Structures are given as structure tokens and as C-alpha cells.
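In what follows, a single structure is set out as C-alpha cells and then discussed.
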Amino acid sequence: MSDRKEMVVTPWQVSGDIDYNRLIDQFGVEPMTRELEDRIAKHAGFKHLQLRRGVYISHRDLDWWLGEFEKGNRVGLYTGRGPSGHVHLGHLLPWFFCKYLQDAFNAELYFQMTDDEKFLHRPGLTLEEAVAFTYDNALDVIACGLDPEKTHIFSDVDHIHHLYRLGVKVAKRITFSTVRAVFGFDNSVNIGAIWHPALQMMVCFLQSEREGENIPCLIPAAIDQDPYWRVARDVADKMGYYKPAQIHAKFLPGLGEGGKMSASQPDSAIFTVDPPEVAKRKVMMAFTGGRDTVEEQRKLGGRPQVCNIYAYYYFLFEEEDKALVDREHACRSGELLCGECKQELARRVAVFLRDFQARRREARDHLDDFLLEPVARKR
Ligand code: TYM
């Protein structure tokens with residue numbers, strides 16, 4: 001009998017033991033290759049930590065999107081956030097990567113805040129709270145260092161007049177039976193939630209629509225968002241747009257056992273607004289791959305492969321590949337104990353948070369420069 005917990009990965013729920021190879025099969029996407037990682041790195045001038053560590057596990061049409069750029073054509077980026085609360089470190093992974101891609105490919109980034117989606121899906125969230133989180137979370141997006149000239153952040157609710165025309169055209173090409181099958185909606189789902197996918201999909205074509213020419217779009221996001229793009233790719237054909245390309249990230253695990261991040265368990269994630277001492281407490285309480293006693297750990301060594309603390313070094317907090325390997329060896333050999341390893345991570349997280357929070361505060365003065373404007377004003 002296996003004690004693995006059943007995997008569920010949808011845009012609204014990620015739980016169980018994630019088996020990425022199975023997801024690649026189930027979702028019908030292509031595994032990432034070294035050749036594609038190197039092609040991105042060649043244009044960027046360096047290989048981003050997330051590419052070196054295999055954070056991006058799969059893609060659709062990334063080779064085509066890169067090929068278009070290599071032919072001298074313009075390319076675009078699209079990603080987003082469902083603003084239902086504060087941003088955690090996992091959300092930042094695809095946004096950091098967007099910053100890297102924006103610089104490398106001189107690409108405009110369309111950044112959608114699906115405040116409507118969160119309101120429609122969360123019984124306890126008011127629309128006013130969701131919209132307020134749009135502008136709070138936008139500070140995190142800006143703090144990632146994106147270019148105000150090339151970044152367009154928008155709220156579905158407040159910017160609907162820029163979205164509705166195209167949204168309706170997309171919606172007309174999607175049947176209820178498709179969204180029911182793809183998203184698993186049943187008869188109890190409110191009709192706003194049934195409509196929302198059209199609005200998340202239309203952004204794949206928004207830059208092309210605004211600029212009056214077909215621009216290849218790439219979506220960096222974790223793999224949970226993939227169902228939208230499957231449908232959007234069918235719609236693209238029907239509307240004469242390019243199919244959107246995707247690059248799918250793994251999930252940064254939470255800090256508790258099993259690695260789940262949950263809004264109902266604030267200690268399972270580090271939020272960008274956490275005071276450094278709160279983040280430190282969360283790190284010190286985190287689940288590790290350590291043994292029950294110091295003696296056992298010295299004898300048997302730790303298990304970085306199941307350790308959330310190691311995952312935080314791996315995904316975000318150890319830039320040097322050699323230092324990461326050294327840490328792994330020291331852990332496995334029993335030389336490095338969990339307390340020490342946590343202390344060091346807490347120190348690095350505190351340095352990161354102080355810097356990020358300063359950039360978040362600065363972002364308040366620049367928010368307007370990043371918001372989506374009518375076509376004529378920005379270009
Ligand atoms: P949301 O708010 O659930 O997630 C925002 C982004 O963060 C990614 N993500 C993670 N990445 C790594 N590790 C994690 N633990 C982790 N948790 C979440 C998500 O994949 C996503 O990229 N409906 C969307 C908002 C949206 C969107 C988009 C996202 C609208 N348009 C286009 C991506 C691309 C949502 O609720 O995301």
C-alpha cells in the first residue's frame with residue numbers, strides 16, 4: 001500500500017503528491033529541454049537560476065515563440081495573479097522569470113489581476129476586498145523590477161472597458177460543455193465563474209488586438225493555470241490569432257509537512273509583507289528532512305530530497321550552484337544540522353524581505369506608470 005496522497009492540480013486547488021511527469025502526460029504538454037533553456041539563456045546573456053535548476057518543467061510552442069524572435073519579429077508576454085490575499089514567495093517565481101524574459105526579449109508584459117475570479121470563487125471575499133488586493137499585489141509585481149514602459153497591469157473589474165469587447169468575442173467561441181469538461185464545473189457553480197475563463201483567455205490575444213498585428217504570446221506560470229491555455233489555443237485558431245505559447249513552472253513547496261501552501265495556514269508560506277522576524281519564526285518551525293535526534297542525524301544524514309528548507313535554497317535563496325551542491329552533501333553526510341541550516345535560511349530571507357519591502361514601498365509612487373492605458377496614450 002502506498003501512502004502517497006492523491007494529486008489534484010487545478011487553477012483553484014493544488015494538493016497531494018505532485019508527480020510532474022504524470023502532469024506532463026495528462027496535460028499533453030512537451031517536457032522542457034536543455035536546448036530550449038540554452039536558447040533562452042543565449043538571448044538573455046546568462047542562464048537564470050530557474051533555468052539552471054529545472055524549475056520550468058514543460059512548455060507548449062516555446063520553440064516556435066523563440067523562433068519568431070530569432071526571425072526578428074516582436075514577441076510578447078502574459079501572466080497574472082488572482083488577488084485574494086497577500087503575495088507569497090511562490091507567486092514571485094514566475095514574476096521574477098517574466099522580468100528576465102522581458103529584458104532578454106524586449107517584450108511587453110500584460111499582467112492580469114483576476115479580482116473578479118477571486119470574488120466569484122471565494123464565498124467569504126467581498127468584491128471590494130479583492131479589488132483592494134489588486135492594487136496591493138501590484139506593488140509586489142512592480143517590486144520585481146519590471147519596466148514601466150513595457151508592463152501593463154490591469155484589474156478585470158476596474159479596466160473592464162479595455163477588455164470586454166475582446167472578451168465577448170472569445171466567449172462566443174467557447175461552449176458551456178467545454179468549460180464544464182475542462183474545469184469540472186457542476187450545476188451549483190455561479191454563472192460569473194462560468195464566464196470568467198473567457199476573460200482570462202482573451203488576454204492571450206490582447207496585445208495583438210491592441211496593436212493591430214499578430215504578436216506571439218508566451219505565458220510563464222506554474223502548471224496549475226494550464227487548463228485555460230488548452231481552450232485558448234482552440235479559440236485562437238477560430239479567431240485568426242496565434243496560439244499562445246506556455247512555459248510551466250513547478251510549485252515552490254510550503255513550509256509544513258507535505259509541502260502544501262495554504263491560505264488557511266499562514267505559517268505554511270512566507271508572504272512578502274511578513275516582518276522578517278515573523279518569517280524567521282516560520283522558517284525555524286518548518287518541516288525538514290532531518291532525523292529525530294542529533295545522534296541519528298550525524299549517523300544517517302539528512303534528506304534534502306524531502307526537505308522544504310532545502311527547496312527554498314534550491315528555488316530562490318542559493319544563487320551559486322557549487323554552494324548548493326556543498327550544502328546538499330553536508331546535509332546528507334550529517335555534518336550540517338537542520339537548526340544551523342534554518343538559521344542561515346532565515347538570515348537570507350530577512351535580507352531579501354527588507355530589500356523587497358523597500359521596493360514595494362517605493363512602488364506606491366509609480367503604480368500609475370504600470371497600469372494599462374487606452375491604446376493611444378501609451379504607444
Ligand atoms: P494565482 O494568484 O493563483 O497565482 C499567481 C501565479 O503564481 C503561480 N503560483 C506558484 N508558482 C510557484 N509556486 C507556487 N507555490 C505557486 N502558487 C501559485 C501561479 O501559477 C500563477 O502564475 N487565475 C490566476 C491569475 C491569472 C494568471 C493569468 C496566472 C490571470 N491570468 C495568466 C498566470 C498567467 C490566479 O489565480 O493565479
Side-chain angles (χ1 to χ4, degrees), residues 9-15 18 20 23 27 50 53-58 60 76-98 101 109-122 125 130 133-134 136-138 140-141 144 152-157 159 163 167 170 183 193 195-207 217-232 244-256 258-263 265 268-272 308 311-312 314-316 372:
V9 176
T10 75
W12 304 287
Q13 191 190 349
V14 177
S15 60
I18 313 279
Y20 289 106
L23 279 181
F27 288 1
Q50 292 183 29
R53 306 272 161 88
V55 169
Y56 284 91
I57 37 145
S58 56
R60 275 204 194 92
L77 293 166
Y78 161 37
T79 200
R81 159 80 178 137
S84 54
H86 290 296
V87 163
H88 61 55
L89 298 185
H91 298 129
L92 295 182
L93 283 183
W95 306 349
F96 285 156
F97 200 65
C98 281
L101 294 177
L109 168 67
Y110 279 75
F111 196 107
Q112 179 177 39
M113 294 288 187
T114 51
D115 32 24
D116 56 342
E117 176 199 14
K118 290 296 148 175
F119 167 65
L120 292 163
H121 280 266
R122 300 243 170 149
L125 188 71
F133 273 124
T134 280
D136 169 88
N137 291 183
D140 294 285
V141 177
C144 292
H152 314 272
I153 303 175
F154 54 94
S155 142
D156 281 353
V157 172
H159 294 89
L163 313 176
V170 167
F183 297 101
W195 144 257
H196 162 75
L199 212 52
Q200 181 152 333
M201 289 175 212
M202 54 79 54
V203 187
C204 301
F205 320 120
L206 187 58
Q207 185 181 6
C217 167
L218 175 70
I219 309 169
I223 196 162
D224 59 326
Q225 298 295 312
D226 186 72
Y228 290 105
W229 322 133
R230 258 178 267 159
V231 182
Q246 289 98 55
I247 176 164
H248 301 113
K250 285 186 188 170
F251 300 103
L252 178 73
L255 293 169
K260 187 172 162 9
M261 273 201 209
S262 157
Q265 291 167 279
S268 65
I270 296 171
F271 295 91
T272 61
N308 296 333
Y312 277 67
Y314 186 90
F315 280 83
L316 281 163
L372 182 70

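Each residue takes its place number in the sequence, starting with 1. Atoms within each ligand, like the ligands themselves, are counted from 1 in listed order. Being a predicted model, the structure only gives us computed values, none of them experimental.
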Region of [X] engaging ligand 1 - heavy atom pairs below 4.0 Å:
X	value
T114	side chain
H91	both
K250	backbone
V203	neither
D224	side chain
Q200	side chain

| message | Please tell me whether H121 and E117 have a donor and an acceptor in their side chains that are separated by less than 3.5 angstrom. | response |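 No - no donor-acceptor pair under 3.5 Å links their side chains.
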| message | Can you see whether H91 engages D140 through a side-chain donor-acceptor pair at a distance of less than 3.5 angstrom? | response |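 Result is no, nothing qualifies.
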Please report which non-hydrogen protein atom sits nearest to [atom], along with the residue it belongs to and the distance in Å to one decimal place.
atom	answer
atom 31 (N) of ligand 1	Y78 OH, 2.8 Å
atom 10 (C) of ligand 1	G90 O, 3.6 Å
atom 3 (O) of ligand 1	Q225 NE2, 4.3 Å
atom 21 (C) of ligand 1	G80 O, 4.2 Å
atom 17 (N) of ligand 1	H88 CE1, 3.8 Å
atom 1 (P) of ligand 1	G82 N, 3.7 Å
atom 22 (O) of ligand 1	A221 CB, 3.4 Å

| task | May I ask you to check whether Y78 and W229 place their ring centres under 6.0 Å from each other? | result |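 Yes: the rings meet the under 6.0 Å criterion.
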State the atoms of ligand 1, each with its element, that fall below the 4.0 Å cut-off from a heavy-atom position in [X].
X	answer
K118	36 (O)
I219	34 (C)
E117	23 (N), 24 (C), 36 (O)
T79	28 (C), 32 (C), 33 (C), 34 (C)

| How far apart are the C-alpha atoms of Q112 and T114, what are their side-chain angles, what is the distance that settles it, and do they pass the side chain to side chain donor-acceptor pair (under 3.5 Å) test? | CA-CA 6 Å; Q112 179 177 39; T114 51; 5.9 Å; no
| task | Please step through side chain to side chain contact (heavy atoms under 4.5 Å, CB included) for the pair L372 and F111, ending with a clear verdict. | result | CA-CA 9 Å; L372 182 70; F111 196 107; over 6 Å; no
| field | W229 to ligand 1, any heavy atom closer than 4.0 Å | value |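 So W229 counts as touching ligand 1.
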| Counting distance only, does the side-chain N/O of Q50 pair as donor-acceptor with the main-chain N or O of L93 below 3.5 Å? |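 Looks like yes, one N/O pair under 3.5 Å.
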| query | In terms of the angle between their ring planes, are F133 and H86 parallel, tilted or perpendicular, with boundaries placed at 30° and 60°? | reply |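 The rings of F133 and H86 stand perpendicular, inter-plane angle above 60°.
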